[in-house]
Amino acid sequence: MPAAPAAPWPVAAASLGARLRADAARLAGRDSALDGGEALRWVFAVLEHALGLSATARVLAEGEPVARFSLDGYERSLARLLAGAPLAYVLGEQPFRHHVYRVSAAVLVPRPDTEARVEAALAHLAPGESVDVLDLGTGSGCVAVEIALARPRARVTAVDACAAALAVARGNAARLGAPGVAFLQSDWYQALAGWRFHLVVANPPYVAEADPHLSQLAAEPRAALVAGPDGLADLQSIVARAPDHLNLGGWLCVEHGCDQGEAVRALFALAGFGTITTLRDGGGRARVCAGRWGGPARLAG
């Protein structure tokens, strides 16, 4: 028999800390992928955000009676978490690399995995080098902005097919001090006929249509996640068309699923790329494939 839903918190609850721990238990009970410690961290985060408290102030407040606090905003945020919304969407922001990015349901939540793509990009951009860089499927703009901030002389163009995503990305670039990033609405290379770059980076959809993990990502835009039966449809298109948009000796760096490394390297080789390498994320999983257009025809890594 399925478990009965958790009862709402009683009005006469003794302390704020007890309330938060009870809510964390409710949240962990709803989401089997969320352990108790992580659920408590989420609850602390939404309370601090709703009440404008620092972590220290929240700890000090935990011993106070619940009745001393106006929790309307917190309860709305908690309801969204219980309904399955990611914490980043509830807070409206997500840390990524060295900065905090604003996010909405129009963009994927930036993840640590994607930091490997930033590092791969920066490895092919010397400090002080004045070259053209393209970020395909920019989403929140986190990759384009991180590249622009780390290599301020690079000319970064960021494209996305979604106007709402571009609005989020423009806002992040302005707020974080990267106003030189140019934004363009385009379905991959569609609006870029005749444009060439020293470096193209991309985070296309790469999840297979029947992937069982999709249920855990139901709140995020499906169009930014799913790419055909094997997850390779957009990767294949981006890699195959990249030579038309790269200078001789230029680089393509694409993010992919951790089990797609061999297949993506084969796509690079088929398109004529050389010096094809696979880079790993912080967890040691194959995450980024990079190749040089016009480079020596060899595979590495």
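Note: hydrogens, waters and symmetry copies are ignored here, and every other heavy atom, side chains too, is used. None of the values given here were measured: they were computed from a predicted structure.
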- Message: Hydrophobic clusters here meaning ILVMFWY residues chained together by side-chain heavy-atom distances under 4.5 Å, can you tell me if L71 and L40 are in one?
- Response: yes
- Item | Closest non-hydrogen atom pair, Y89 against A105 | CZ-CA, 3.7 Å
- Message: Does E119 form a salt bridge (Lys or Arg N to Asp or Glu O under 4.0 Å) with R97? I'd like the steps, not just the answer.
- Response: CA-CA 10 Å; E119 298 306 324; R97 207 162 176 265; 2.9 Å; yes
- Message: Between C289 and H256, does the side-chain contact (heavy atoms from CB on, under 4.5 Å) criterion hold? Intermediate values first, please.
- Response: CA-CA 7 Å; C289 187; H256 57 72; 3.9 Å; yes
- Hey, are D135 and T138 close enough side-chain-wise for a donor-acceptor pair under 3.5 Å? yes
- Message: Determine whether L27 and L82 satisfy the following criterion, side-chain contact (heavy atoms from CB on, under 4.5 Å), listing intermediate values before the conclusion.
- Response: CA-CA 6 Å; L27 183 60; L82 290 168; 4.1 Å; yes
- Query: Looking at SG of C258 and CZ of R280, how far apart are the two atoms once the value is rounded to the nearest 0.5 Å?
  - Reply: 10.0 Å
- Message: Using only atom types and a distance under 3.5 Å, with no angle test, would you say the side chain of Y189 pairs donor to acceptor with the backbone of I238?
- Response: yes
- Got a second to check how far F183's CZ is from T157's OG1, nearest 0.5 Å? 9.5 Å
- Indicate whether the side chain of E146 and that of H98 have a donor and an acceptor atom separated by less than 3.5 Å. no
- Query: Can you tell me how far the NE2 atom of H99 sits from the CD atom of Q94, to the nearest 0.5 Å?
  - Reply: 15.0 Å
- Message: Under 4.0 Å between a side-chain nitrogen and a carboxylate oxygen: does that hold for R41 and E38?
- Response: yes
- Decide, yes or no, whether a salt bridge links E115 with R287 under the criterion of side-chain N to carboxylate O below 4.0 Å. no
- Do R58's NZ or CZ and the ring of F44 fall within the cation-pi criteria of under 6.0 Å and 45°? yes
- Task: For the pair L81 and V46, evaluate side-chain contact (heavy atoms from CB on, under 4.5 Å) and give the outcome as yes or no after the intermediate values.
- Result: CA-CA 9 Å; L81 291 181; V46 296; 3.8 Å; yes
- Side chain of S77, backbone of G73: donor and acceptor closer than 3.5 Å? yes
- Just do the side-chain contact (heavy atoms from CB on, under 4.5 Å) check on L91 and V103 with the steps written out, would you? CA-CA 9 Å; L91 300 181; V103 296; over 6 Å; no
- Whether R151 side chain and L125 backbone form a donor-acceptor pair below 3.5 Å: yes
- Decide whether E255 and T114 meet the rule of one side-chain donor and one side-chain acceptor closer than 3.5 Å. yes
- Message: Tell me the closest heavy-atom pair linking A106 and A164, and the distance in Å.
- Response: CB-CB, 3.7 Å
- Note on the structure: Result for side chain to side chain contact (heavy atoms under 4.5 Å, CB included) between C253 and one of L199, L279, N203 points to L199
- Message: To the nearest 0.5 Å, what is the distance between SG on C142 and CG on L176?
- Response: 10.5 Å
- Between I276 and F268, what is the shortest heavy-atom contact and its length? CD1-CB, 3.6 Å
- Item | Heavy-atom donor-acceptor pair, N172 side chain to R102 backbone, under 3.5 Å | yes
- Does L87 share a hydrophobic cluster with V168, counting links as ILVMFWY side-chain heavy atoms below 4.5 Å and allowing steps through other members? no
- Task: Check for a donor-acceptor pair, side chain of D281 on one end and backbone N or O of G284 on the other, with a separation under 3.5 Å.
- Result: yes
- The single option from H198, H124, H245 passing ring pair (Phe, Tyr, Trp, His ring centres under 6.0 Å) against W251: H124
- Task: Would you check if there is a donor-acceptor pair between the side chains of Y101 and E93 at a distance under 3.5 Å?
- Result: no
- How many angstroms lie between atom CG of L60 and atom OG1 of T56, to the nearest 0.5 angstrom? 7.0 Å
- Do the side chains of V200 and L122 join up, straight or via other hydrophobic residues, at under 4.5 Å, putting them in one cluster? no
- Message: Under a 4.0 Å threshold between the charged nitrogen and the carboxylate oxygen, would D244 count as salt-bridged to R196?
- Response: no
- Message: As an exercise, state the distance from CG of L246 to CH2 of W293, rounded to the nearest 0.5 Å.
- Response: 8.5 Å
- Salt bridge R76-D72, side-chain N to carboxylate O under 4.0 Å: no
- Item | Connected via hydrophobic side-chain network under 4.5 Å: V109 and V90 | no
- Message: Let me check something: do L252 and W188 share a hydrophobic cluster, defined by ILVMFWY side-chain heavy atoms less than 4.5 Å apart, either directly or through other members?
- Response: yes
